[in-house]
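First the structure, in the form of C-alpha cells, and then the observations on it.
Letters A, B, ... are given to chains in the order of the sequence lines, protein chains preceding strands, and every chain is numbered from 1. Quick note: numbers below take in every heavy atom, side chains included, and nothing from hydrogens, waters or symmetry partners.
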Amino acid sequence: MANIEMTDSGLLIVTLYGELDNHEANGIRTQLSSAIFSGQVRAVIWDLKNLGFMDSSGIGLILGRMRDLAPFGGETFILNPSVTMEKIFSFSGLEKNVRHCTVEDVMREMGGVLYEK
Amino acid sequence: MKNEMTLSFVAIEENEALARMAMTCFITPLDPTIEEISEFKTIVSEAVTNAIIHGYNCDGKSLVTLHATMDDEKVMMTVRDEGAGIQNIEQAMEPMYTTLPHMERSGMGFTIMESFSDHLSVQSTIGSGTVVKFEKRFSPVTETSRMG
Ligand SMILES: Nc1ncnc2c1ncn2[C@@H]1O[C@H](COP(=O)(O)OP(=O)(O)O)[C@@H](O)[C@H]1O
Ligand SMILES: [Mg+2]
C-alpha cells in the first residue's frame with residue numbers, strides 16, 4: 001500500500017506500508033508514473049519507516065522511477081529502510097540514496113511546504 | 001524440533017504473499033531473530049515470484065510447489081515449477097541480469113537469494129522447469145534469547 005503526496009515545491013512523497021512485493025509494486029507503479037509525468041517533480045522521497053517487507057521488486061520500482069526522473073534531473077531519497085532492506089539496497093548500488101531521518105528533514109533541506117489535504 | 005511440509009498453489013501473483021506467510025509460520029519454532037525472518041522471507045519471495053512470473057508467465061493454472069524440512073538449526077527448502085526453464089543458469093544468476101526489463105524486474109533476485117541463504121543451487125531444463133534449492137541456518141535458541 002502506498003500513500004502519495006506532492007508538495008508545492010515539486011517533492012513527491014511516497015509513504016509505503018505493509019509488504020512490497022511484485023504484486024504490490026505493479027499496483028503502485030501506475031499511480032506513481034502518472035504523478036511524475038504530470039508535474040515538475042524535483043525529487044521523490046520514499047519513506048520506508050512503516051514498510052514491513054520488501055524484495056527485489058522494490059528495487060525495480062525505485063530504479064524505474066529514477067529513470068522517469070532522470071530527464072528532469074530529479075533526486076531520489078530512500079528513508080528508514082530496515083536492516084535487511086538496507087542490505088538489498090546496497091547489493092543494488094542504491095546505498096548512497098539511503099538516509100535515516102524524517103521526511104521533514106529532507107523537505108527542510110530541499111525547501112518546500114506540504115500541501116494541506 | 002523436526003518438521004516437514006509441502007505446499008502447492010497456482011501461478012498467480014497473489015500467492016507470493018501466501019507463500020511468505022506459510023513459510024514464516026513454519027520457521028517460528030526455531031525462534032528466529034527479526035533479521036533471520038526477513039532474510040528468509042525475502043529468499044522465499046524471490047524464488048516464488050520467479051516461478052510464477054518467469055516459469056509460468058502468471059498462467060493461473062500451473063502449480064508451484066514448495067517443500068521444506070527443518071531440524072533444530074536449519075531449514076532446507078525447494079521451490080519447484082514445471083514451466084519455461086532457464087536457458088543459461090550462470091548468466092541468469094548474474095546481478096542485474098533480467099529477461100523482463102520492460103516489467104521493471106531488477107535482475108537482483110538470485111543475488112539476494114545467494115546472499116541471504118547458506119547454500120543455494122539451481123537446476124533447470126528448458127521446457128520442463130526449474131528447481132531452486134536452498135538452506136538457511138538459524139542461530140541456536142539460548143536461554144537468554146528465549147527470555148529476550
Ligand atoms: N523459475 C524460473 N523459470 C524461468 N526463468 C527463470 C526462473 N527464475 C529465474 N529465471 C530467469 O532468470 C532471470 C534472473 O532472475 P532474477 O535474478 O530473479 O531477476 P528478475 O526476476 O528480476 O528478472 C530472470 O529474468 C529469468 O529470465
Ligand atoms: Mg526474480
Any heavy-atom pair between the side chains of [Y] and [X] that's under 4.5 Å?
X: B/Pro95; Y: A/Phe91; result: no
X: B/Met108; Y: A/Ile88; result: no
X: A/Asp55; Y: B/Ile112; result: no
X: B/Glu16; Y: A/Glu24; result: no
X: B/Glu104; Y: A/Arg65; result: yes
X: B/Met21; Y: A/Glu19; result: no
X: A/Lys87; Y: B/Ser115; result: no

After noting the C-alpha distance and the side-chain angles of A/Asp21 and B/Arg20, does the key distance pass the side chain to side chain contact (heavy atoms under 4.5 Å, CB included) rule?
CA-CA 10 Å; A/Asp21 61 5; B/Arg20 290 195 301 273; 3.0 Å; yes

More than 12 heavy atoms of other residues, nucleotides or ligands under 6.0 Å from [atom1] of [X]: is that the case?
X: A/Arg99; atom1: CZ; result: no
X: B/Gln87; atom1: CD; result: no
X: A/Glu95; atom1: CD; result: yes
X: B/Lys61; atom1: NZ; result: no
X: B/Glu82; atom1: CD; result: no
X: B/Lys74; atom1: NZ; result: yes
X: B/Arg105; atom1: CZ; result: yes

Using non-hydrogen atoms and a 4.5 Å limit, figure out which bit of A/Met85 sits close to chain B: side chain, backbone, both or neither.
neither

In terms of heavy-atom proximity below 4.5 Å to chain A, should [X] be classed as side chain, backbone, both, or neither?
X: B/Thr49; value: side chain
X: B/Ile52; value: neither
X: B/Met96; value: side chain

Could you report the tightest heavy-atom contact between A/Ile59 and B/Ser106, atom names first, then the distance?
CG2-CB, 3.7 Å

List the atom of A/Phe53, the atom of B/Ser38, and the distance in Å for their closest heavy-atom pair.
CE1-O, 4.3 Å

Side-chain heavy atoms under 4.5 angstrom apart, residues restricted to Ile, Leu, Val, Met, Phe, Trp, Tyr: same cluster for [X] and [Y]?
X: A/Leu51; Y: A/Leu63; answer: yes
X: B/Met77; Y: B/Val131; answer: no
X: A/Met1; Y: A/Ile13; answer: no

Residue from A/Gly60, A/Ala25, A/Gly93 scoring the most non-hydrogen pairs under 4.5 Å with chain B is A/Gly60

Only pairs of heavy atoms separated by less than 4.5 Å count here; which of B/Glu39, B/Glu14, B/Glu13 has the most with chain A?
B/Glu13

